[in-house]
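Along the sequence shown, the residues carry numbers beginning at 1.
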Amino acid sequence: MGLGTRDRGLRPGRRARYKAGQGRHASKAVISNRITDCSRAMGAYDGVRADIIFGERFNKTQWAADFNHGLSSSPSTAPMFKPKNVEFLGPAGDVDSRAIDLYTYASSKEHIAEANLKATQDNVKLCAAGQHDVENMVRMWGQSRGDDINSDWTKQYGHVGQQDYNYGRDRALDVLRADR
């Protein structure tokens with residue numbers, strides 16, 4: 001036997017109500033709920049992937065800050081360990097220290113800007129791809145039910161799916177990234 005209603009233990013009187021929730025005979029509420037659930041799940045999954053992108057950005061900006069601190073603080077501590085026979089380092093040490101500070105500051109800003117730009121670009125690509133996937137899911141599901149992929153029905157539920165995708169994505173990011 002297949003996976004019909006008899007295999008699930010439904011009584012014959014419930015068979016019609018069970019079949020009413022399937023395929024072409026599904027109510028608008030059932031269709032909307034399925035699209036909402038699937039779209040939010042896809043959005044939540046992409047929210048987790050976006051969190052990974054933002055985590056990589058944080059690691060890169062932290063590296064830039066550590067690099068800046070390490071490079072700029074080491075020359076200032078070097079004069080503390082000068083040999084006994086050196087009496088005076090003069091203004092050259094101060095000029096060197098300022099030049100290193102200037103370089104590390106500019107380098108740090110550049111690394112942070114690159115990390116932010118890459119994370120933003122990756123996040124935009126991920127979000128656009130997710131919305132496109134939701135739209136394709138709704139279109140193909142509508143087509144499998146006998147509707148045209150460009151029908152008003154499909155477009156309406158496509159918009160609903162994209163809104164729910166955004167909700168699922170934002171909700172996942174709210175939970176994962178409290179600093180947002």
Side-chain angles (χ1 to χ4, degrees), residues 32-142 149-150 154-180:
S32 180
N33 289 342
R34 288 178 182 170
I35 290 173
T36 295
D37 291 345
C38 292
S39 299
R40 285 183 180 181
M42 292 171 75
Y45 175 72
D46 281 353
V48 171
R49 292 171 56 195
D51 180 58
I52 293 168
I53 290 170
F54 294 135
E56 290 171 356
R57 176 190 66 183
F58 174 78
N59 291 341
K60 290 176 184 177
T61 58
Q62 189 61 45
W63 178 88
D66 291 345
F67 175 78
N68 182 3
H69 177 72
L71 195 59
S72 64
S73 65
S74 58
S76 63
T77 58
M80 293 181 201
F81 304 105
K82 64 181 181 181
K84 289 182 181 180
N85 58 357
V86 175
E87 294 292 325
F88 179 70
L89 290 175
D94 187 43
V95 171
D96 288 345
S97 177
R98 290 183 189 270
I100 290 173
D101 285 345
L102 181 65
Y103 167 75
T104 57
Y105 177 75
S107 174
S108 177
K109 283 185 71 164
E110 183 178 324
H111 282 100
I112 291 171
E114 287 175 7
N116 286 334
L117 179 64
K118 180 165 177 17
T120 301
Q121 289 174 340
D122 290 349
N123 185 39
V124 167
K125 287 177 188 177
L126 181 66
C127 186
Q131 288 189 336
H132 185 70
D133 289 344
V134 167
E135 183 179 347
N136 282 340
M137 174 190 70
V138 172
R139 286 178 169 212
M140 294 300 109
W141 193 49
I149 61 172
N150 291 318
T154 307
K155 289 178 184 177
Q156 174 193 355
Y157 281 112
H159 293 302
V160 169
Q162 288 181 350
Q163 289 172 351
D164 287 323
Y165 166 85
N166 288 333
Y167 175 82
R169 189 175 196 278
D170 287 342
R171 184 68 188 121
L173 286 171
D174 284 343
V175 170
L176 295 171
R177 301 201 56 84
D179 61 338
R180 250 180 75 164

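Residues Asn150 and Arg139 form a side-chain contact, since some pair of their non-hydrogen atoms from C-beta on lies under 4.5 Å apart. Considering only heavy atoms from C-beta on, Lys118 stays 4.5 Å or farther from Glu56 through its side chain. Using a 4.5 Å heavy-atom cutoff, the side chains of Leu126 and Arg169 are in contact. Side-chain contact between Lys155 and Val138 is absent, with no heavy-atom pair separated by less than 4.5 Å. Between Phe54 and Leu176, every side-chain heavy-atom pair lies at or beyond the 4.5 Å cut-off.
With hydrogens and angles ignored, the 3.5 Å screen pairs no side-chain donor or acceptor of Ser107 with any backbone N or O of Tyr103.
To the nearest 0.5 angstrom, Gln62 atom CD is 14.0 Å from His111 atom NE2. Atoms CG and CG, on Leu117 and Asp122 in that order, are 9.0 Å from each other to the nearest 0.5 Å.
Residues Tyr165 and Asp133 have side chains that never bring a donor and an acceptor to within less than 3.5 angstrom of each other. Gln162 and Asn166 are not linked by any side-chain donor-acceptor pair at a separation below 3.5 angstrom, with hydrogens and angles left out of the test.
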Check the pair Arg40 / Arg171 against side chain to side chain contact (heavy atoms under 4.5 Å, CB included), numbers first and verdict last.
CA-CA 9 Å; Arg40 285 183 180 181; Arg171 184 68 188 121; over 6 Å; no
Please lay out, stage by stage, how Met140 and Ile149 fare under the test side chain to side chain contact (heavy atoms under 4.5 Å, CB included).
CA-CA 7 Å; Met140 294 300 109; Ile149 61 172; 4.1 Å; yes
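When all heavy atoms of Arg177 and Gly55 are compared, the pair lying nearest together is NH1-N, 4.0 Å. Residue Val134 comes nearest to Ser39 through the heavy atom pair CG1-OG, 3.5 Å, listed as atom of the first residue, atom of the second, then distance. Listed here is the closest heavy atom pair of Ala50 and Asn123: CB-OD1, 3.6 Å. Closest of all the heavy-atom pairs between Ala64 and Ser108 is O-OG, 3.9 Å. Contact between Ala172 and Gly47 at its shortest, heavy atoms only, is CB-CA, 4.1 Å.
Using a cut-off of 4.0 Å between Lys/Arg side-chain N and Asp/Glu carboxylate O, Arg34 and Asp37 are scored as not salt-bridged.
Checked against side-chain hydrogen bond (donor to acceptor under 3.5 Å, both in side chains), Thr61 has no partners two or more places apart in sequence or in another chain.
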